[in-house]
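A quick write-up on the structure given underneath.
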Protein chains: 2
Amino acid sequence: MTLTTTSPARSTYAEIAEKAGVSKATVSRVLNGDERVHPDRAASVMLAAENLGYRPNRAARALSTGRTGLVAVVIDDEPTALSDPFWGVVLAGISRVFMANDLHSLLMVTPLDSPDGAVAHYLEGGEVDGAIFLQVHKDAVIKKAHSQGLPVVLIGRPIDADSDIPFVDTDNVGGGLQATKYLFDRGCKKVATLTGDLDASAGIDRLDGYKKAHEAEGIEVDSDLIARANWSFESAKIMTLRLLAKHPEIDGIFAANDIMAIAAISAIQERGRRVPDDIAVVGFDDSLLSQTHRPAITTVRQDIIGLGAAAAETMIALLQERNPEVEVLATEIMIRESA
Amino acid sequence: MTLTTTSPARSTYAEIAEKAGVSKATVSRVLNGDERVHPDRAASVMLAAENLGYRPNRAARALSTGRTGLVAVVIDDEPTALSDPFWGVVLAGISRVFMANDLHSLLMVTPLDSPDGAVAHYLEGGEVDGAIFLQVHKDAVIKKAHSQGLPVVLIGRPIDADSDIPFVDTDNVGGGLQATKYLFDRGCKKVATLTGDLDASAGIDRLDGYKKAHEAEGIEVDSDLIARANWSFESAKIMTLRLLAKHPEIDGIFAANDIMAIAAISAIQERGRRVPDDIAVVGFDDSLLSQTHRPAITTVRQDIIGLGAAAAETMIALLQERNPEVEVLATEIMIRESA
DNA sequence: TTTGCTCGTGAAACCGATTTCGTTATTTGT
DNA sequence: ACAAATAACGAAATCGGTTTCACGAGCAAA
């Protein structure tokens with residue numbers, strides 16, 4: 001014999017209506033804040049609902065209004081995507097805001113390759129009220145969804161400038177500028193950079209910040225000091241060794257993420273130079289790595305929870321047919337040992 | 001003027017019924033695989049559905065069947081929880097399996113402190129068909145949900161042994177055993193361990209594996225060599241320095257995660273000893289850190305995607321009222337430089 | 001040939017909230 | 001004081017599937 005207590009039977013409008021001596025229509029009006037109900041009746045409905053421990057049935061509401069209260073959160077399923085702690089934190093930010101607004105996030109981890117794939121079907125089917133996209137490589141699905149009128153929010157600036165899809169992003173340009181300027185302020189004369197993947201806006205923008213810092217300083221950008229890596233340890237290590245061989249006078253490196261900063265330090269030390277005394281290194285992300293690594297990495301912190309929250313708020317604005325403002329979140333430099 | 005194409009009007013049973021010249025009831029039977037429909041009719045229904053590009057309306061189905069096709073995935077919202085890449089990968093595993101089975105995961109990142117909090121309401125309200133819990137500290141909510149008959153799956157072994165809640169877990173005992181045995185096989189004579197939080201099953205079990213390895217080797221466990229840390233870099237570093245001071249003869253350390261392994265290495269090197277020559281170190285998790293750190297960490301790999309997938313499959317079994325088997329996933333040792 | 005099944009099917013009820021529409025009671029305008 | 005407008009509310013239709021129930025056809029047993 002199992003001891004499973006069955007959950008208490010759920011109450012419905014019909015029961016509330018009976019208890020309060022009104023019709024279902026009136027119950028609906030009261031519970032949806034319609035002003036035109038007599039205060040006394042409204043009060044008795046509220047009381048009855050309270051006493052019955054009423055909880056609305058989402059499916060029923062969805063059926064009659066056509067809105068589900070569900071927002072898809074789609075991650076392009078590269079094997080490694082979610083192993084980046086970044087996305088987990090973004091998810092947390094999204095989820096918090098949604099839960100506070102009686103919305104739910106439907107997580108879809110799946111390849112976005114085909115505009116007719118499984119995700120596309122889900123997004124079309126009216127199963128969700130909107131979609132937030134993370135880590136986008138192919139945007140066909142997104143454009144399709146957007147053109148069909150589904151509210152869509154991107155995390156990260158879209159690459160084609162003429163896109164009118166709402167997005168939220170970290171101020172990567174500002175962050176790159178902060179990092180590079182910090183190196184100059186520290187006395188560096190020759191600052192190189194290890195870029196991320198330049199097909200992604202984060203990579204492009206951080207490099208852009210690096211260039212802007214040179215401009216501000218009145219220093220010509222030497223394209224020889226720009227090493228195109230791809231976020232990975234290996235690529236960054238190879239590029240750093242090459243940089244050092246060709247330009248031994250380099251005294252500062254801005255790496256577009258922390259992993260590459262660590263790779264750079266590793267390469268620098270292999271060549272018998274010291275960090276930060278001979279060469280100062282700044283990373284990006286304020287990852288756990290940057291805190292635990294020795295020397296600890298000076299890095300650019302972004303507000304990741306805030307990024308998720310901003311995305312969720314943008315979605316809420318869209319759902320209410322308000323015009324969302326593009327949010328670009330500020331960064332902050334965390335000074336540690338490597339620079 | 002906006003160019004928003006509206007999505008194509010969705011077709012319904014009524015339209016299919018008309019086109020195929022049958023009733024809605026028959027359409028329902030065919031589309032749900034009821035055998036008792038004449039094959040000819042069935043075929044014409046299928047054809048009509050195909051032509052109309054029919055997609056079922058989840059809300060309508062949920063309303064009439066009482067099942068939503070949604071499973072809550074609940075993460076106890078410690079600030080740091082989702083910054084651990086582990087959970088992101090688990091989510092990916094869950095999501096994949098669910099999407100292949102026409103289920104959806106509803107992500108809830110929220111504190112689980114009160115058994116009457118927001119989550120509890122959602123879980124009670126019939127809004128989801130089941131719930132998978134990650135990273136559990138307080139289990140009141142879980143027990144409540146389970147006792148009300150909601151299908152529940154835990155990731156990680158529950159701490160109280162008499163719980164009858166289904167769970168999936170990594171074989172932490174086996175992993176601890178593998179790691180410690182490897183150190184013995186390598187010739188270590190005196191192996192210490194840095195434990196995780198011993199309030200969590202992962203911490204307890206990995207320590208248990210450490211003890212089992214001693215048993216197998218016929219070596220008495222010296223409780224002085226068991227240093228209680230709490231997964232963090234700082235705690236592990238302090239404990240390692242203490243261990244080294246008190247027992248300079250230690251020649252191997254099993255750390256219950258990679259971060260603590262790195263901390264141990266850092267402490268060892270500060271004391272002027274070499275890794276792995278003087279002291280070999282093994283970690284746990286096969287995290288990115290363990291791969292990029294120098295020396296690279298020898299560590300125990302767990303199948304995290306598989307863990308998520310197993311949880312999802314257990315949930316599916318529960319939803320089909322089959323008896324799920326408890327899954328405990330094997331680990332694998334990754335030999336690198338630190339041991 | 002009649003009784004009793006089973007089989008295949010459609011009409012209609014149903015799930016629970018929303019919304020339209022019409023009715024009654026009250027107020028406003030002249 | 002009477003027509004017209006307005007406010008407050010309930011009955012019933014609606015959303016799109018699922019499920020019950022009843023009915024007729026076909027077939028076997030008697």
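From a predicted model like this one, the values you see are computed outputs, not experimental measurements.
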Could you tabulate the donor-acceptor pairs under 3.5 Å formed by side-chain atoms of residues 315-326 of chain B, not counting sequence neighbours?
{"unit_1": "B:Q320", "atom_1": "OE1", "unit_2": "B:R322", "atom_2": "NH1", "d": "2.2"}

Looking for any heavy atom pair under 4.0 Å, which part of the strands does B:S28 touch: base, sugar-phosphate only, or nothing?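 Base, at least one base atom sits under 4.0 Å.
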Please classify the nucleic acid contact of A:T12 as base, sugar-phosphate, or nothing, using heavy-atom distances under 4.0 Å. sugar-phosphate
Ion pair check, A:E124 and B:R10, cut-off under 4.0 Å: no
Below 3.5 Å, can you tabulate the donor-acceptor pairs from side chains in residues 18-25 of chain A to any protein atom, sequence neighbours excluded?
{"unit_1": "A:S23", "atom_1": "OG", "unit_2": "A:A25", "atom_2": "N", "d": "3.4"}
{"unit_1": "A:S23", "atom_1": "OG", "unit_2": "A:T26", "atom_2": "N", "d": "3.3"}
{"unit_1": "A:S23", "atom_1": "OG", "unit_2": "A:T26", "atom_2": "OG1", "d": "3.4"}

B:L112 pairs by side-chain contact (heavy atoms from CB on, under 4.5 Å) with which of B:I75, B:D139, B:V74? B:V74
My understanding is that only residues two or more places apart in sequence, or in another chain, count here; which of them pass ring pair (Phe, Tyr, Trp, His ring centres under 6.0 Å) with [X]?
{"X": "B:Y122", "result": "A:H104"}
{"X": "A:Y54", "result": "A:Y13"}
{"X": "B:F86", "result": "none"}

I'd like to check the side chain to side chain donor-acceptor pair (under 3.5 Å) partners of B:N32; sequence neighbours left out, ordered by chain and number. B:S28
Pairs involving residues 40-60 of chain B, ordered by first then second residue, that meet salt bridge (Lys or Arg N to Asp or Glu O under 4.0 Å) (sequence neighbours left out): A:E127-B:R58, B:R58-B:D102
Heavy atom of residues 15-27 of chain A under 4.0 Å from DNA chain D: which residues?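 By residue number: A:V22, A:S23, A:A25, A:T26.
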What parts of residues 32-48 of chain B reach DNA chain D, counting only heavy atoms under 4.0 Å away? B:N32
Minimum heavy-atom distance B:L134-B:I94, with the two atoms named: CD2-CD1, 4.4 Å
Keeping the roles fixed (side chain from B:S95, backbone from B:L91), state whether a donor-acceptor pair exists under 3.5 Å. no
When you measure from the side chain of B:S147 to the backbone of B:K144, do you find a donor-acceptor pair of N or O atoms at a distance under 3.5 Å? yes
Hits for side chain to side chain contact (heavy atoms under 4.5 Å, CB included) against B:S201, two or more places apart or cross-chain, chain-then-number order -> B:R157, B:D169, B:D205
If you walk 5' to 3' along DNA chain C, what is the first nucleotide with an atom under 4.0 Å of a heavy atom in chain A, and what is the last? C:dG16 to C:dT20
5'-most contact on DNA chain C: B:R29 or B:L63, nearest heavy atom basis? B:R29
Can you give me the first and the last nucleotide of DNA chain D (5' to 3') that has an atom within less than 4.0 angstrom of a non-hydrogen atom in chain A? D:dA8 to D:dG16
